[in-house]
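This report concerns only the one structure given below.
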Amino acid sequence: MSSNQEAEIVIALPTPHIAQWLCGLREENLAFLESILPVTTFLGSEHLTVKGEPEAVRMVEQVMTTLLPRARDREVLTSDELRGYFYLAQGQPAGTLTDVLDDVVARTYRGKPVKTRSANQLVYVRAIEQHTLTFGLGPAGTGKTFLAVALAVRALSEKRVSRIILTRPAVEAGESLGFLPGDFQAKVDPYFRPLYDALYELMDAERVSRHLERGMIEVAPLAYMRGRTLTDAFIILDEAQNTTGEQMKMFLTRMGAGSRVVVTGDQTQIDLPRGKRSALHDIQSLLAGVHDVAFVRFDDQDVVRHDLVRRIVQAYAAWEARHPS
């Protein structure tokens with residue numbers, strides 16, 4: 001089929017509910033499709049017709065027919081969600097989107113499934129499940145920390161580990177710890193808020209408090225790891241871009257029998273003092289070829305927060321490419 005030929009598909013929409021869920025309120029998802037792909041859409045009473053360039057039509061058919069059986073009882077599919085599915089379908093094997101949509105990582109304490117939302121997220125989850133040490137590297141909003149905490153909570157609930165240890169370097173990002181009120185713990189707690197947020201999403205507050213009191217969950221600055229041997233634990237080092245090489249070595253050599261370790265970081269958000277080199281600059285080449293270590297790299301297409309976050313990440317990357325330090 002030549003590139004100037006037009007393809008056409010007809011997708012059955014058996015109920016008004018499914019039509020609204022897929023096409024969006026006031027058909028905003030169809031307008032979105034026409035804005036990003038060379039296609040034209042026509043919504044009938046029971047069918048959606050899509051015409052346009054063959055490859056674009058094929059992609060619409062793949063995404064729409066995969067999503068249709070998953071129509072929710074309430075709400076509608078948003079254009080941001082739809083954009084994510086098209087990013088995922090582009091250049092991926094045909095079954096990737098189905099694998100992602102069907103993969104339930106864990107459940108929140110309210111019973112809502114936690115699922116992967118991009119191909120790299122799926123690779124990341126599989127890597128954590130299959131390796132003792134996994135690095136998740138990439139921009140903000142890609143789900144690195146939340147997915148790691150979800151897998152840690154699942155491992156604890158299934159008794160595959162006896163405790164969860166969450167740590168990150170208490171590096172100041174433009175603010176001063178000394179001016180914060182309270183004792184040391186009160187001063188460092190704000191640094192761990194993203195980790196607490198993930199915990200409280202996955203477990204009810206009473207259970208989190210109980211586990212914290214019993215030491216089954218520990219949230220502490222990276223400096224507290226020195227001299228320890230961390231056995232039978234699911235350990236997460238967050239914000240690893242703010243560790244030096246010496247700190248990273250100290251942390252990685254704390255690992256004991258029966259433990260699983262996840263390290264997350266974003267090399268574009270380093271807050272170390274000038275002259276201090278981030279451990280993430282060298283870690284992949286340093287550990288290249290080491291058995292049971294996995295590296296998963298995320299990019300802007302994996303951003304699962306508001307679509308504006310993806311565009312901000314892209315803008316920063318473009319600016320930094322034009323203005324290298």
Side-chain angles (χ1 to χ4, degrees), residues 6-105 112-125 138-143 146-147 298-315:
E6 188 175 73
E8 176 180 328
I9 58 167
V10 178
I11 301 171
L13 303 174
T15 69
H17 155 67
I18 289 178
Q20 184 179 65
W21 183 83
L22 190 67
C23 300
L25 297 172
R26 297 179 294 279
E27 301 178 21
E28 61 184 15
N29 287 349
L30 301 185
F32 165 74
L33 283 180
E34 294 180 350
S35 73
I36 65 167
L37 293 170
V39 297
T40 304
T41 61
F42 306 91
L43 180 61
S45 59
E46 296 180 351
H47 297 87
L48 171 65
T49 302
V50 183
K51 297 181 180 180
E53 292 187 5
E55 182 59 26
V57 171
R58 183 204 62 78
M59 187 182 299
V60 172
E61 182 177 31
Q62 176 188 343
V63 172
M64 294 301 205
T65 55
T66 304
L67 291 176
L68 270 174
R70 296 163 174 81
R72 296 189 292 262
D73 292 335
R74 292 177 296 277
E75 303 176 348
V76 296
L77 187 68
T78 69
S79 56
D80 279 348
E81 290 175 307
L82 196 58
R83 182 189 298 272
Y85 294 134
F86 274 96
Y87 272 128
L88 178 57
Q90 191 171 16
Q92 298 291 340
T96 301
L97 181 56
T98 301
D99 289 343
V100 170
L101 291 170
D102 290 344
D103 188 64
V104 178
V105 178
K112 181 179 179 181
V114 176
K115 294 186 176 185
T116 55
R117 294 176 61 185
S118 74
N120 278 336
Q121 283 194 352
L122 185 63
V123 170
Y124 179 58
V125 167
T142 50
F146 185 78
L147 286 172
F298 296 90
D299 58 32
D300 57 83
Q301 293 188 6
D302 297 300
V303 173
V304 293
R305 292 180 187 163
H306 193 287
D307 190 57
L308 179 57
V309 175
R310 180 185 290 114
R311 298 197 296 272
I312 290 171
V313 169
Q314 292 171 337

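The model shown is predicted, which means the values in this text are computed figures rather than measured ones. Numbering starts at 1 and runs along the sequence shown. Every heavy atom of this structure was used, including side-chain atoms; hydrogens, water molecules and symmetry mates were not.
- Minimum heavy-atom separation, D299 to T142: O-CG2, 3.8 Å.
- In this structure, P16 has no side chain to side chain contact (heavy atoms under 4.5 Å, CB included) partners at least two apart in sequence or on a different chain.
- No side-chain heavy atom of F42 sits under 4.5 Å from any side-chain heavy atom of H47.
- Residues passing the salt bridge (charged side-chain N to carboxylate O under 4.0 Å, His left out) test with K112: none are found, sequence neighbours excluded.
- From L13, atom CG reaches atom CD of Q20 across 12.0 Å, with rounding to the nearest 0.5 Å.
- Contacts classified as salt bridge (Lys or Arg N to Asp or Glu O under 4.0 Å) and involving residues 8-24 (residues at least two apart or in different chains) are given here: E8-K51.
- Side-chain contact between L22 and L82 is absent, with no heavy-atom pair separated by less than 4.5 Å.
- Within the 4.5 Å cutoff, side-chain heavy atoms of K115 are placed close to those of V104.
- Not a single side-chain hydrogen bond (donor to acceptor under 3.5 Å, both in side chains) links E61 to another residue, sequence neighbours left out.
- Looking at residues two or more places apart in sequence or on another chain, you find a side chain to side chain contact (heavy atoms under 4.5 Å, CB included) between P14 and I18.
- Minimum heavy-atom separation, V57 to G52: CG2-N, 3.4 Å.
- Formation of a donor-acceptor pair under 3.5 Å by the N29 side chain with backbone atoms of L77 is found in this model.
- Taking E27 as the reference, L30, L43 meet the side chain to side chain contact (heavy atoms under 4.5 Å, CB included) condition, with sequence neighbours excluded.
- Taking the side chain to side chain contact (heavy atoms under 4.5 Å, CB included) definition, one finds that V123 meets it with V296, sequence neighbours left out.
- T116 places none of its side-chain heavy atoms less than 4.5 Å from the side chain of Y124.
- The shortest heavy-atom contact between A7 and P54 is CB-CA, 3.7 Å.
- Every residue meeting the side-chain hydrogen bond (donor to acceptor under 3.5 Å, both in side chains) condition with E34, not counting sequence neighbours, appears here in chain and number order: T41.
- T40 has its side chain out of reach of E6: every pair of non-hydrogen atoms, C-beta onward, lies at least 4.5 Å apart.
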